[in-house]
Amino acid sequence: MIAWFADAGRDLPWRSPGASAWSILVSEVMLQQTPVVRVLPRWLDWMDRWPAPADLASAPTAEVLRAWDRLGYPRRALRLQQCARAIVDEHDGEVPRGEEALRALPGIGEYTAAAVTAFAHHDRAVVLDTNVRRVLARTMAGAALPPRSLTVAERRTATQVLPEEPERSVAWNQAVMELGALVCTAGAPRCEQCPLAGPACAWYSAGRPPAAEGSRRVQAFAGTDRQLRGQIMALLRTQDRATEQALLELDPGDEQRVQRCRASLVADGLAVPDGAGLRLP
DNA sequence: AAGTCGGGGAT
DNA sequence: ATCCCAGACTT
């Protein structure tokens, strides 16, 4: 796996030897539910503009939200700035070491704390993202896809296969994630390119049986509050403010929905009232 | 354990 | 149209 990564791994800027712990943390937050190709340009601009936690901490929040652009889930941008402020206030401006201290930061959950521990501090940590879960589900459990939510069995397996030696554990984490992203993909896995194709993979050995028919039942997007909230945020990013008229035009048929979304954005701190309209905080 | 929260490219 | 993406947080 580690040899495969050395040969096939992507050359991403947050993996360069000169990348700071903060820049790696920023990349991990941006990559939460957002593909690499879309994060790349935003991350480059972001790090050029706010290279250290103190820079982001003192930036106008409206500019932070604009720089976040269309990465999605803009609450992540808000939390990232809160994270920067917490690092400045509580950790002397340095990304803290240790999963417990990292998890106490806004927007840093189990996965990101482990990823920063491994990739920024080069300490041993059980990194379990969607890619690792899928690779382990196939190779170890013989299943086409991992369970819907993270289970204790998955944590146990991931801990079991993680190399003891810290440097190797970091390389392993990086390699398994990359394998899941490039080869052991959700849709059409490229088993012919996989170093684990064969006895090393239970799913491959079993003839790649299809996933059980579990209705994933993901929330639809068109017509939801999520979509309208996104449209409102897009409006606020490009124009300085949005009038009530402009907001209502986003969904002329449902004023209730517009008002509901407007109120929820204010409640989330993503927008502030501006007369009857809205503006960025 | 289930819901909510963006957005875009692939299928 | 549906799926999927280096998840976090609330209920």
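Both A:Ala188 and A:Arg70 lie close to DNA chain B; mapped to their nearest nucleotides by heavy-atom distance, the more 5′-ward contact belongs to A:Arg70.
The backbone N or O of A:Phe119 lies less than 3.5 Å from no partner atom in the side chain of A:Gln174, so there is not a single donor-acceptor pair. Side-chain N or O atoms of A:Arg190 include one that pairs as donor or acceptor with a backbone N or O of A:Leu182 at under 3.5 Å. A distance-only check finds a donor-acceptor pair linking the side chain of A:Gln81 to the backbone of A:Leu56 [under 3.5 Å]. A distance-only check finds a donor-acceptor pair linking the side chain of A:Asp55 to the backbone of A:Ala52 [under 3.5 Å]. Proximity of a side-chain donor or acceptor of A:Thr117 to a complementary backbone N or O of A:Ala125 within less than 3.5 Å is not detected.
As judged by a 4.0 angstrom heavy-atom cut-off over every strand, A:Ala115 is placed among residues making no nucleic acid contact. Residue contacts shown for A:Gly230 are limited to sugar-phosphate atoms, with no base heavy atom under 4.0 Å away. Note on A:Trp14: a base of the nucleic acid sits closer than 4.0 angstrom, heavy atoms only.
Distance CG (A:Leu78) to C1' (C:dG7): 17 Å, rounded to an integer number of Å. Following rounding to the nearest Å, A:Leu235 (CG) and B:dG6 (P) show an atom-to-atom distance of 15 Å. Summarising the geometry, the separation between CZ on A:Arg229 and C1' on B:dG3 is reported as 13 Å, rounded to the nearest angstrom. A:Tyr73 has its OH atom 7 Å from the P atom of B:dG6, to the nearest Å. When rounded to the nearest whole Å, the span between CG of A:Leu265 and C1' of B:dC5 equals 11 Å. To the nearest angstrom, P of C:dG7 lies 13 Å from CZ of A:Arg38. What separates CZ of A:Arg226 from P of C:dC4 is a distance of 15 Å, to the nearest Å. Atom CG in A:Leu31 sits roughly 15 Å away from atom C1' in B:dG6 (whole-Å rounding).
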Taking it one step at a time, do A:Glu100 and A:Arg103 satisfy salt bridge (charged side-chain N to carboxylate O under 4.0 Å, His left out)?
-> CA-CA 5 Å; A:Glu100 190 178 341; A:Arg103 283 214 55 167; over 6 Å; no
Stepwise salt bridge (charged side-chain N to carboxylate O under 4.0 Å, His left out) test for A:Asp274 and A:Arg262 = CA-CA 11 Å; A:Asp274 181 67; A:Arg262 183 182 60 72; over 6 Å; no
Under 3.5 Å, N/O pairs linking protein and nucleotides 8-11 of chain C:
unit_1, atom_1, unit_2, atom_2, d
C:dA8, OP1, A:Gly109, N, 3.0
C:dA8, OP1, A:Thr112, N, 3.0
C:dA8, OP1, A:Thr112, OG1, 2.5
C:dA8, OP2, A:Tyr111, N, 3.3
C:dC9, OP1, A:Gly107, N, 2.6

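Contact between the side-chain N/O atoms of A:Arg76 and the OP1/OP2 oxygens of B:dC5 is not found at any separation under 4.0 Å. Between A:Thr34 and C:dC5 there is no side-chain N or O to OP1 or OP2 distance below 4.0 Å.
The closest side-chain heavy-atom distance from A:Glu244 to A:Gln259 is below 4.5 Å.
In this structure, the nucleotide among C:dA6, C:dC5, B:dA2 sitting nearest to the side chain of A:Glu178 is C:dA6. The side chain of A:Ala181 lies closest to C:dA6, out of C:dC4, C:dA6, B:dA2.
For the P atom pair drawn from B:dG8 and C:dC9, the interatomic distance equals 24 Å after rounding to whole Å. Taking the C1' atom of each, C:dC4 and B:dC5 are spaced 16 Å apart, rounded to whole Å. For C:dC3 and B:dG6, the C1' atoms lie 15 Å apart once the distance is rounded to whole Å.
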